[in-house]
Amino acid sequence: MRRPNDITIDRVLLLYLLQLCDDYSMGPGGDVKLQQLVFLSELQMFGKNLKGFHFEFFRFAYGAFSKDLDNDLTSLRRREQVENFALSEQAREAVDLLLKTIEGGQVNEKIVEILQAVVNTYGPQDTGSITNSVEEVELILPEQPDEKLAIRDISFHSTLLVPSRIEVEGEFTLPQATINKLNSVMGYS
């Protein structure tokens, strides 16, 4: 279960990821592409024993899907922080604040680097290609740690990722004053 500070971090990291995508077309099916980009980012973070996003993902017809991510994007759109996939000036202000705050924080900087690498690798791909990339990912089965299964072979609606169950060495954090300011800038206070 996401805590209020987790939600703020998820939303501002989502805004940052969308800003990174400015150079790439989200195209038709952009919501699906965004879901896959965030999922791949989260997997990369966990692969480096880090946690940034707190989104749970399930297997759906078009790869990985997070209802919390979908809700956060909808909320940001309703608050006019995001129009389609373009950031408002307020949202860009939130991203600028985020980037100023993370300087010197090793874990936070590593998470930003992971987001940049994922977007640079998968951002140019169309929705179908990125979905195929996600479906090729092999996950370790909790009940059989020696066995891996490609996401395409996992039945629909199965849980793929539950961040609250994963232990990590480092997590993206921000001072409470910054969280409060971000909530204000994004229209959540």
Side-chain angles (χ1 to χ4, degrees), residues 2 9-74 76-77 82 84-87 95 107-166 168-172:
R2 296 189 309 163
I9 288 170
D10 288 346
R11 288 176 178 165
V12 75
L13 288 176
L14 179 59
L15 290 174
Y16 178 63
L17 188 139
L18 285 169
Q19 181 173 298
L20 291 172
C21 290
D22 276 351
D23 294 337
Y24 308 107
S25 168
M26 293 304 276
D31 283 20
V32 172
K33 182 175 180 176
L34 180 62
Q35 290 272 345
Q36 307 321 297
L37 286 169
V38 173
F39 177 73
L40 290 167
S41 297
E42 235 176 312
L43 283 181
Q44 291 291 321
M45 290 173 199
F46 288 127
K48 297 200 186 293
N49 222 351
L50 302 172
K51 185 185 296 185
F53 289 116
H54 304 86
F55 296 120
E56 292 184 11
F57 279 89
F58 301 89
R59 168 79 161 93
F60 270 58
Y62 299 104
F65 176 79
S66 169
K67 185 63 177 160
D68 287 335
L69 168 56
D70 189 55
N71 288 342
D72 282 357
L73 183 60
T74 298
L76 289 165
R77 285 175 171 159
V82 177
N84 200 6
F85 298 101
L87 301 187
V95 170
V107 170
N108 291 359
E109 286 177 351
K110 286 180 184 177
I111 287 171
V112 165
E113 289 170 10
I114 290 168
L115 290 172
Q116 292 167 346
V118 168
V119 170
N120 287 339
T121 301
Y122 297 100
Q125 295 183 12
D126 63 22
T127 302
S129 297
I130 194 171
T131 299
N132 288 337
S133 295
V134 166
E135 292 196 343
E136 290 174 8
V137 170
E138 292 184 329
L139 299 177
I140 297 171
L141 302 174
E143 61 277 356
Q144 299 170 332
D146 296 336
E147 193 173 321
K148 292 182 180 181
L149 189 62
I151 289 177
R152 73 175 157 274
D153 298 327
I154 296 173
S155 61
F156 292 143
H157 308 289
S158 295
T159 302
L160 298 176
L161 184 63
V162 181
S164 62
R165 296 184 190 161
I166 299 173
V168 294
E169 292 176 6
E171 184 169 351
F172 193 96

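Summarising the geometry, atom OG1 belonging to T131 is positioned 11.0 Å from atom CD1 belonging to I151; distances are rounded to the nearest 0.5 Å.
Proximity of a side-chain donor or acceptor of E135 to a complementary backbone N or O of A150 within less than 3.5 Å is not detected. The main-chain N or O of L160 is never found under 3.5 Å from a side-chain atom of R59 such that the two would form a donor-acceptor pair. In this structure, E42 contributes its side chain and E56 its backbone to no donor-acceptor pair below 3.5 Å. With hydrogens and angles disregarded, a donor-acceptor distance shorter than 3.5 Å links the side chain of Q36 to the backbone of V32. In this structure, the side chain of Q125 engages the main chain of I130 through a donor-acceptor pair within 3.5 Å. Listed for the K33 side chain is a donor-acceptor partner under 3.5 Å among the backbone atoms of S25. Here the side chain of N84 pairs no donor or acceptor atom with the backbone of A86 at under 3.5 angstrom.
Just one residue in the list L149, L161, I154 forms a side-chain contact (heavy atoms from CB on, under 4.5 Å) with L139, and that residue is I154.
Smallest separation of non-hydrogen atoms from P145 and I140: O-CG2, 3.4 Å.
The side chain to side chain donor-acceptor pair (under 3.5 Å) pairs that include a residue from residues 148-159 are S155-S158, where partners are two or more places apart or lie in different chains. Among pairs with a residue in residues 14-53, those fulfilling ring pair (Phe, Tyr, Trp, His ring centres under 6.0 Å) read F39-F57, F53-F55, at least two apart in sequence or across chains.
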